[in-house]
Amino acid sequence: MVPVSYYVVLSAVLFGLGIIGFLFKRNIITMFMSIELMLNAVNLAFIAFSSVLGNLAGQVYVFFVIVVAAAEAAVGLAIVILIARNRKTLNVERVNLLKL
Amino acid sequence: MFPSTQDLMRIAPEIVLCAMGMIVMVVEPFAGKGGRRVLDVLAALGAAGALAAVWLPAHHIGVAFSSLLKVDEFSVFFHVLTGAVALFVILASPSYLDREGLPHGEFFALVLFATAGMGVMASAQELITAFIGLEISSISSYILASYRRDVARSNEAAMKYFLLGSFATAFFLYGIALIYGATGTTILPRIDAGTTQTMLLALGLALVFVGLAFKVAAVPFQLWTPDVYEGAPTPVTALLSSGPKAAGFALLLRIFVTVDHANDLWFWAIWVAAALTMTVGNLTALVQTNVKRMLAYSSVAHAGYILVAFAARSTIGTAAVLFYLASYALMKVGAFTALSWLGGAGEHHLELNDYAGLARKRPISAACFSFFLLSLLGMPVTAGFLGKFYILNAALHSHLVWLSIILAVNSIIGAFYYLRVVVVMYMREPTREFPAERIPFGVAAVLTLAAAGTLYLGVLPNYVINFAIQAAALLR
Amino acid sequence: MTPAHLLSVLIFLPAAGAAALLLLRGDDHVWIRRLALAVAIGELGLSLLLLYWFDSGSTGYQLEELFPWISSPPIHYHLGIDGISLFLVLLTTLLTPISILASWNSINQSVKGFFVSLLVLETGVIGVFLSLDLFLFFLFWEVMLVPMYFLIGIWGHERRIYAAVKFVLYTMFGSILMLVGILWLFNSTGSFDLPRIQALLQAGRVTLSTNTELLLFGAFFLAFAIKVPLFPFHTWLPDAHTEAPTAGSIMLAGVLLKMGTYGMLRFCLPLFPKAAHTLAPEVAVLAIIGILYGALVAMVQTDLKRLVAYSSVSHLGFVVLGIFAMSATSVQGALYQMLNHGISTGALFLLVGMLYDRRHTHEISEFGGLATPMPVMAAFFLFVSLSSMGLPILNGFVGEFLILIGTYEHHAMWSSFAAIGVIFSALYLLWAYQRTFFGDVTNEKNRALPDASARERGLLWVLAAFILFMGVASPLFTGRTEITVRQVLDQMQRPDKTQPVDAQLHKQAKTEEGDASALYVQAPNSPISVPAKGAH
Amino acid sequence: MTAVLFFLLAAVAVAAAVSLILQREPIHSALSLIVVMAALAGLYLLLGAEFISAVQIIVYAGAIMVLFIFVIMLLNAGVEERTQFSRMARYIGLPLAFVLGAGLVYWITRWTMGTASAASMGSVTRPLAMMLFQDYVFPFELTSILILIAIVGAVVLARREDERQ
Amino acid sequence: MFVLNHLWIIPLLPLLGAAVNGIFGRRWPHAVTNSIALGATGLSFVAVLELFREFTHLAPANIPWVQTYLPWIAAGGFRSDFSLQVDQLTMVMLLVVTGVGFVIHVYSTGYMAHEGGYARFFSYLNLFMFFMLVLVLGANYVVLFVGWEGVGLCSYLLIGFYFLRQSATNAGNKAFWVNRIGDFGFLLGMFLLFRTFGALDFAHVLPAAAGAPADASGQFGTMTWIALLLLTGACGKSAQIPLYVWLPDAMEGPTPVSALIHAATMVTAGVYMVARSHVIFLHSPVAMTAVAGIGALTALFAATIGLVQTDIKKVLAYSTVSQLGYMFLACGVGAFSAGIFHLMTHAFFKGLLFLAAGSVIHATGGEQDMRKMGGLRKKIPWTYWTMLIGTLAIAGIPGFSGFFSKDEILAAAFTSSPYGSTLLWVVGVTTALLTSFYMFRLIFLTFFGSARYDEHEVHVHESPRNMLVPLVILAVLSVIGGWQAAPALWGGVNHFEHFLEPVFSTAAVVGEQMPSPKVPEAASLEFMLMLVAIGAAAIGLYVAWRMYIQRTGMPEKLAESLKAPYQLLSGKYFVDELYAAAIVRPLVWISRNVLWHVVDEQMIDGAVNGVADVSRHTGNTVRQTESGNTRSYAAWIVVGAIVFTSLLLWLAVR
C-alpha cells in the first residue's frame, strides 16, 4: 500500500506543473487548461486528505470544485470566444491593449 | 432535507437577491423596448428588498446550515454594504446601458447574483462555502466585465480578470485543501482546535492569503486591477471596486480574526502587503492620465490603507476596516458613477484633459465628483477622512508607528493626484464640447445619495462606527 | 449672563452665509457681493461682542461650549476662547470684510464661488482658533485648505495651479503628521480634549516620556512650522502669495500664517514643555535664519508681491523666536506681532493688489514713479511699509520690540542676531518703495493711472487707523492676553508632583461616561514598540 | 498491486501534465489533460472514492473537456505561438514557478510523511449523498446559482451580434 | 505752571500741523499752509519759552520734571509709558530745536515758495519738529527712540523730497539704512540696559547706573557694552565714523532741510543721547576713549575731505560731520556741557551757513558748484555778510560763538583727566585749522574774485525778505550765542555750564574717574591753548586767502603736484566705494545668487520638487510592471506567492 502522503505529493507536483503551465503557455485555452490541471491537483489533495482523515467532507468539496470548474469553463470559454472574435488571436501576449 | 425557517431567515437577503435576479431574467423576454423600465424597477426593488431583508438576519443572529454560515453583526454590516452598493449600481446603470445599447435584464440579474455571492462570502464561516460565494461573485464579475462584448478593451479586461482570477482561486483552493488536510475541517472556529500539522496549516494559510490578497488587490497581486477596472463598463467598475473588495476583506477579516493561527502568521504578511500596497498604488496612480485608470490605482492604494487597520489586530482596527469599507464604497461608487455619466457615449472621455473646465459646464456633477475625490483624499467632513482617522487611530493604538507614517506620507501622494483632477475641472479652460443633456435621474440619485452618505459618515459617524465596533467585538 | 452659543454662531455664521450665497443666481454679481459683505460685517459686529464678554482677568477658557460629538473615540464639540485666540478671531473677522471689499471689482468670473470660498475660509479659520478639541481643531485646520486652494487655483494668476497644489501639499504633509501626533497623544492620554489633556498632564496623571514628547512635539511642530512658514519650509509661501488673488493673499498672510504660530503657542508649548525647552535653541536658530534670510531674499525680488511674501517669512520668524524665547514679554510680543503682521502685511497685499488691478503685473520694473500719478496710494504704501519695518508708534514696533527685549533677557545672542532683521527690513522695503513709487514715470502705461478710489481709500484708512492705534495703544490688547500667556508659561514649568485634579477633569468625566471610551482603557504610556500578540 | 497502480497512474498523470505543457497544438494539450483526468480518476478509485471517480470521468473528462475541444475546434485554434513578450514571465516567473512547485512539494513531503495509507471506507456514495444534502445543502444550492450564472454568462457573451435586436 | 503740567502740548502742536497739512494741505493755498505750519511751530516755540520761564521757578528737587501719560507698552515684564520729562539739558535742546526750527520754517516759506509739494514739505517739516521734540522730551529710552526713529523717517522723507530725482531718493534710502545700522546698536543697548536695570526710564536707569560699579580701564563689562552699543546708535544718527557716509549725500534734500535736520538739530541727537547717558559712559573708560577717539578722528577726517569739495553744500556737510566730531570729542573727554554748548552754537552758525548757502543757491538759480560762482559779494550783500559771520563763528575767530565753544572743547581735550590727552588736542587744533581754511575757501570762492558763471543766463538776485530775516536772526545768535560762556575765559562763571551742572553733576559720583575740576593755575595754560587755537584759525584764514585771492592758480598746481592725496580727498577717501564693494554689493549678490537662486530655488524647492520627481519617476518605474501582458501578471502572482509563503513558513518555523 502506498502512504497517502504520496498522493498529496503527487497533487503538489501536479499543482506545480499547473503553475508552470500557466506561466509557460501563451494560448488562452491551454492556460485555462493549466488552471484545470491545478484544480485537479486540488481535488486529488482533497480526496487524499479525506481518505487519511476518514472524513467524507473532502469528497464533498471535490464535488463542489468540479461544479465550479464547470461553471468557470462555460464562462471562460465564452470569454475566449469573444476574444477570438474581436481580436483574431488566442495568444494572450497579443491581448494587451490595457496597460501601464 | 429542507432547511429550517430560522436558517432561511438568516439567508433572506441572498434569497431575495437570487429570486429577483431570476425574476428579472424571466420578465426580460416579455418586456419589449419600453419595458426596460420595468426591469430597472424590478432590479432596484431586488436590491432594495435585499437591504430590507437584512432586517431578518439582523434579528436572527446565529449560526446556520450546520455551522457553514454565521450570521452576526459583522455579516449584517456587509450585507447592508453590498446591498447598498448593488442598489447604487442598479440605479446608476440604466442610462449607461441605454447609451451603450446593452441589454438590461442579464446585467441586473448578474449584479444581483454577484451581490448574493458577496453576501455569502461575508457570512460564511466555512471555507468551501466562502469559496462558492466567492466564485458566484467572481464569475458574475467576469461576465459583467466583458459586458460591452464588442469592445476589445472590455473583453480583454474580462479575459485578464478571468485567467488571473481563476489562477488565484486555484491557490486559494489549494490552501483550503491543505488546511483541511492539516486540521480535518474547513470550519473556521474549529481550525485552531483541529491543528495537527502546523506547517501544513501555515502553508495552507499562506495560499489562502494569496488567493484573498488577489481578491482585495494587495501588492503584488494587484496588477489585474487597473486593467480590469479600466476595461470594464464603468458601472461594473463601480461595483467591482467596492462590492467584491468589501466581501474579500470580510472573508479575510473573518479568517484573520477567528483563526488564531492566521492572526499570528498573517501579521507580518499584512504589514508588508499594507506598506507595499499603499505605496505602489499611490505611486502608480500618480503618473496616470486616464481618470478611470487613476481611480483604479487609487483603489489599490486604499486597499493598502485598509490593510493597515488589519495589522492593528484589535477591535478598533476591525471596526476601522468596516468603517473604511463603508466610506470607501460610498465614495468609489459615487466617483465611478460620476465617471460613467461624464465619460460620454462609448466611454471616450476618460482622459484627464477631457475634464478641463467641467466645473463651468457641469457645476453640480463637478462638485459631486470633487467631493468624492476630496473624500478619497481624506479631507475632513467627509467619510474618507474619518475612515483614515479611525485607521490611524487603530494603528497607533497598536503602536504601528511606521505603518502610520507610511500611510501619512502616502496620503500626500494621494492628495497630489486627486487634486490634479480637481485642478483640471476647476482651474482649466474647457478643451472640448460638452453635449447639452440632462443628468439622468438614476445617476443624479446615486450621486446625491453617495454624497449625502459620504457627508453623513464624515460628520455623524456615531451610528456606523458604534455598530462597527460592536460587530468587531462580537466577531471574535 | 453670557451668551450661550456665541462662539458657535461666530464659526458657522459665515458658512451659513456661504450657503445662502449658493441660493443666489450666479450672474447676480451685485447682490452676491452685497450679501457676502453683509455677512462678513455682521460677523465682525458679532465678534466685537467678544470684547464685551471676554473677562481679561480670568484664567482658562471662556464662553466654552462642550457637547459630545463622536462617541468612539470620544470626541467633543468643544469651543472656548482665551487671550491667545481672542484677537486672532477679531483679526479674522476684520480682514474678511476687507478682503471682500478688496475683491469688489477685481473678481469677475465665478463671483459666487469666490465669495463662498472666502466665507467658508472664514469659518475654517475661526474654527481653528476656537476649537479646544484636538480633533475638531484638526478638522477646521484641514477644511480651511479647500477654499484657499480654490481661491488660489481659480482666481489666481499665471502659475496659480502650481502654487495652489504646492500650498495644499506642503500644508497637508505637515498636517497629516500632526494627525498622527494627535492620535498618538490620544492613545497616550485617552482624550482629544485639550483642557482635559492639559489637566491630566498638570496633575501628573499622565506623563509622556522624553522621547515621546520629542516625537510628538516634532509632529505638531512640523505642521505649524510649515504653516508659519519657518525656514526651510517656507518655499510654498512666495508662490502661493504671488499667485493668489488679493483677497487670498490678505487672508493667507493675515490669518492663515497665524494658525501656525497659534498652534505652537496653543499646543507645542503647553503640551510638550520638556521637548519645547530642549528644542528651543534649534527652533530659535531656524527662526533667526528665517528673519535674516527672508529679508535678504525679499530684498532681491523683482516681483512686488513675492517681496512682501518673503517679508512675511522674516516677520513670522520674529514671532516664532518670541514664542520660543518663552519669556512672558517675548511671548506677549509674539502674540502682538501676529496681529500686527496680519494688519500691516494684509494692508501691503491690499496695496499691491490695487496696483495689480490697474496694471495686471507685480513686476517692480513695470512700475516706477507711481507717486506722481497716485500720491494717496504712495502715502499709504509708505505708511504701511513703515509699520512693517517697525517704526515706533506704529504697530510693528511694539511687537518686535517686545519680542526682542523679551528674548534678550535670557538669550542675548538670539535677540542680537534677530535684531539685524530690523536693518534688513528697512533695506528691502524702502528699496522696493523707491523703485516702485519714486523717480520719473518711466513706463507710459503708468502715466495716467487713477489714484485710490473712494472704496480703496476707505479700506486703507481703516487699516492705517489700526496700524497707528495698535502702535500707541498696545496695552488695550496685551492687557487682555497677559493672563493667558502667563498661564501658558506656567504650564511650561510642569510640576513633577501630583496635584489635586483640576475641575476640568470632573467636568469632563460626566460627559464621557457611557460612551465607547471603555475600549481605550489601557496603560496610557506603554512604550512604542511592535505589539504583543493579540493586541485586541 | 495498489502501489504499482499508483506509481503507474502517477507517472501517467505527470507525463500527461508535462505533455499538456509542452504540446504546441491546443488540441493535443486538451487530449493530454483528458489523460491526466483519467489517471486521476483511477487514483480516486485507489483512494476509495468511487463516486468522485465517476464524476471525474463523466463531468470533467466527459463534459468540460468536450467543451474545451469543441471551442478549440470552433475557433480553429492552431499551433501555439511561443512569443516571448514577457521578460518578467520568462526570467522570473517561470524559474520561480519551478521554485514554488518544488517548494510546495518539499514542504508537503517534509511534513506529512509517514501517515497511514488510505483506509477503505467501503461504499461512500450514500454517506456522501447524505452529507451533500444535509450538511452541505446550502453550498449545494448555491452551486445551482453558479450554474445559472454560467448559463447566463455564456448566453450573454457568446450569442451572435445580430441576435440582439 | 500750565506748560509744565501739559508738556504734551509742545510736541503735539507740530504734529497737528503736520497732520492737517499732510491730509488737506494739497488743496489749500500756500498762505493757509504757511499759517498752519508756522503757527504750530511758533506756538510750540512760545510754549517752550513759557516752559523755560516756569522751569526757572521750579524747585531743584522737582528736576527732572517727569510727566507720565498713557501706558504705551505693558506686557510681560516690560513696561513703558508715554512719559515726558524736562531738565536743564532738555531745556537747552528744546530752545534750540523750537527756536532754530521756527526760524528755518520761516526761511522755508521763501525758499520753497516756487517748489511743488509745498504742503507736503511743511507737513514733513512739522512732523520732524514733533519727533525731534519727542526725542528731547522723552523720559525714557523708548520714547527717546520714538523721536530718534521718527526724525530719521522725516530725514528720509525730506532728503528724498525731490522724489523724481534718483539721486535724492538714493540719498534718502542711504540715510535711513545707515541710521538703521546705528539703531540696531541702540536697540541692543536698550535691551542690555533693560536686562541690567529692569527698566528704561531715565529716572530709574541713570541713578541706578550711577550707583553701579564702574568698569575698570580696558575692561569690557556690562557698562562698557551698553555704552558702546548706545554709541553705535549715536554714530549713526550723528554721522560719526564709520556711519557718517549718509550725511554728505543727505544734501540732496532742500537746503532748509539741510540746515534744520542735517546741521542744527537731528544730527546732534547722538550727542544729546550720549550726554543724556553720560552716567553710563562715565562708568566705562573704554567707551569714553571710544567716544573721544571716534569724535577726534571724525573731526579730522571730515575736515580733510571738506578741503577739496566744490559743492557748497557738500563742504558744509563735511564741516557738519567734522563739528559733530568735536561734540563727540567733548563728550569723550567728559566735557559734556562743552559738547552741548558746541551743539547749541553749532546749531546757530551751521544753521546760518546752510541757510545762507541756500540763499546763494537760490540767488544763482540752483547752482551749487562753487567753481561756477564767484564775486557774489556785491550782488547779494545780505547773504554775504551773514554767511561771513557764520564763517567767522565756525572758524573760531574770537568773539564769535564758535570760538567759545570750540575753545572749551579744546581746553577740555587737553586738560581733562583721565580722558584728555595731548593727541586729542592736537587733532582738535589741526581740525580747527582745516576748518578755518575750507570755510574761508568757501567764502572766497563764492563771494570774491570774478564771476565764473554766465551772467546772461543767471540773474543773480538777493533773496526775499522772509529768507533774509532768518539769516539775520541766526547771524546775531552766531555772534552772541557763545557769550553766556564767555566769562569763563576770564576765570568767571560759565553760565551755560552752570545751568547744565545739575544734569551732569551725577558724573562726580563715579569716584576716581571723575573729570578733575579746573584748577586755578591752569588758567594760564588755558590761555596758551586759546592762543594756539586762534593761531590755527588765523593760519587757515591766511592760507585760504593766499590760495584763493592772491594766487588763484595755486590750488590747481597743488592738485597737480599732489595728485594722489588730492584724488583721495576729492574722492572722499573712497569710503562709499569701499562700502559698496565690501558690503552692499556682496550682500545683494549673495542674496540674489546664493540665497534666492541657489538655496531657495535649487536647494529647498529643488528638494521638494526632487521628491515629487522621484515619486513620479518611481511611479513610472513601478508602472512598468503593469505591462498589459497577462503572463507578467501571473509571474508577479507567483513572486507574491513565494514571498508570502516563505514569510509565513519562516514565521511558523521560528
Side-chain angles (χ1 to χ4, degrees), chain B residues 1-3 7 11 14-15 17-18 21-22 25 64-69 101-103 105-107 109-110 113-114 116-117 120 124 126 128-133 135-140 142-144 146-147 149-150 155 158 171 174 178 181-182 196-203 206-207 223, chain D residues 17 47 52 64 68 71 75 86 88-89 92-93 96-97 100-116 118-119 129-165:
Chain B
M1 194 197 82
F2 199 77
D7 284 0
I11 58 164
E14 282 80 6
I15 293 176
L17 287 167
C18 293
M22 286 185 242
M25 282 201 301
F65 293 105
S66 348
S67 299
L68 299 187
L69 290 186
L102 299 172
E106 290 90 345
F107 184 89
L110 287 168
F113 290 149
V120 172
E126 192 266 350
I128 287 292
T129 312
F131 167 69
I132 293 174
E135 280 298 309
I136 291 177
S137 87
S138 299
I139 293 179
S140 314
Y142 303 153
I143 304 166
L144 286 171
S146 64
Y147 206 72
R149 52 197 201 118
D150 308 324
N155 303 152
F171 281 93
Y174 204 71
L178 293 181
T196 53
Q197 300 275 349
T198 331
M199 296 317 294
L200 205 59
L201 180 60
L203 191 56
L207 293 176
L223 292 153
Chain D
L47 286 166
I52 297 297
I64 300 180
F68 268 87
V71 170
L75 298 179
S86 169
M88 184 65 205
I92 296 175
L96 285 185
L100 185 59
L104 285 177
V105 173
Y106 170 78
W107 281 101
I108 285 166
T109 52
R110 191 157 158 215
W111 292 103
T112 60
M113 271 304 183
T115 35
M130 293 302 291
M131 227 170 160
L132 195 55
F133 292 109
Q134 282 183 350
D135 291 349
Y136 290 91
V137 65
F138 179 63
F140 181 81
E141 290 298 333
L142 280 180
T143 53
S144 64
I145 300 291
L146 199 58
I147 299 293
L148 181 62
I149 292 170
I151 297 167
V152 175
V155 169
V156 168
L157 298 180
R159 72 177 156 191
R160 289 212 66 91
E161 207 60 20
D162 40 283
E163 291 165 18
R164 195 191 295 159
Q165 301 315 320

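Everything numeric here is computed off the predicted structure, so don't read it as measured data.
- For chain D, the nearby part of B/Y174 is the side chain; its heavy atoms alone come within less than 4.5 Å.
- To the nearest 0.5 Å, the span separating CG on D/L148 from CD1 on B/I139 amounts to 11.5 Å.
- In this structure, chain B has a heavy atom under 4.5 Å from the side chain of D/L100, while its backbone stays farther away.
- B/R149 and D/A158 get closest at one heavy-atom pair: NH1-C, 4.2 Å.
- For the salt bridge (Lys or Arg N to Asp or Glu O under 4.0 Å) test, no residue two or more places apart in sequence or in another chain qualifies with D/D135.
- Chain B forms the most heavy-atom pairs under 4.5 Å with one residue out of D/A150, D/G103, D/P139, and that residue is D/P139.
- With rounding to the nearest 0.5 angstrom, the CH2 atom of D/W107 is 13.0 Å from the CG atom of B/L178.
- Contact count versus chain D (heavy atoms, under 4.5 Å) is highest, among B/V120, B/L144, B/I128, B/D7, for B/V120.
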Worksheet item: Run the side chain to side chain contact (heavy atoms under 4.5 Å, CB included) check on D/V152 and B/I143 step by step: do they pass?
Response: CA-CA 9 Å; D/V152 175; B/I143 304 166; 5.6 Å; no
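- Residue B/L110 touches chain D through its side chain alone, counting heavy-atom pairs closer than 4.5 Å.
- The line from CG of D/L104 to CZ of B/F171 is 7.5 Å long, rounded to the nearest 0.5 Å.
- For chain B, the nearby parts of D/I149 are the backbone and the side chain; heavy atoms of each come within less than 4.5 Å.
- To the nearest 0.5 angstrom, D/F138 atom CZ is 7.0 Å from B/T129 atom OG1.
- To the nearest 0.5 Å, atoms CG (B/L68) and CG (D/L142) are separated by 9.5 Å.
- For the set B/A202, B/A109, B/S140, B/A182, the count of heavy-atom pairs under 4.5 angstrom toward chain D peaks at B/S140.
- For B/Y147, the side chain to side chain donor-acceptor pair (under 3.5 Å) criterion is met by no residue, not counting sequence neighbours.
- Side-chain contact between B/E14 and D/I145 is absent, with no heavy-atom pair separated by less than 4.5 Å.
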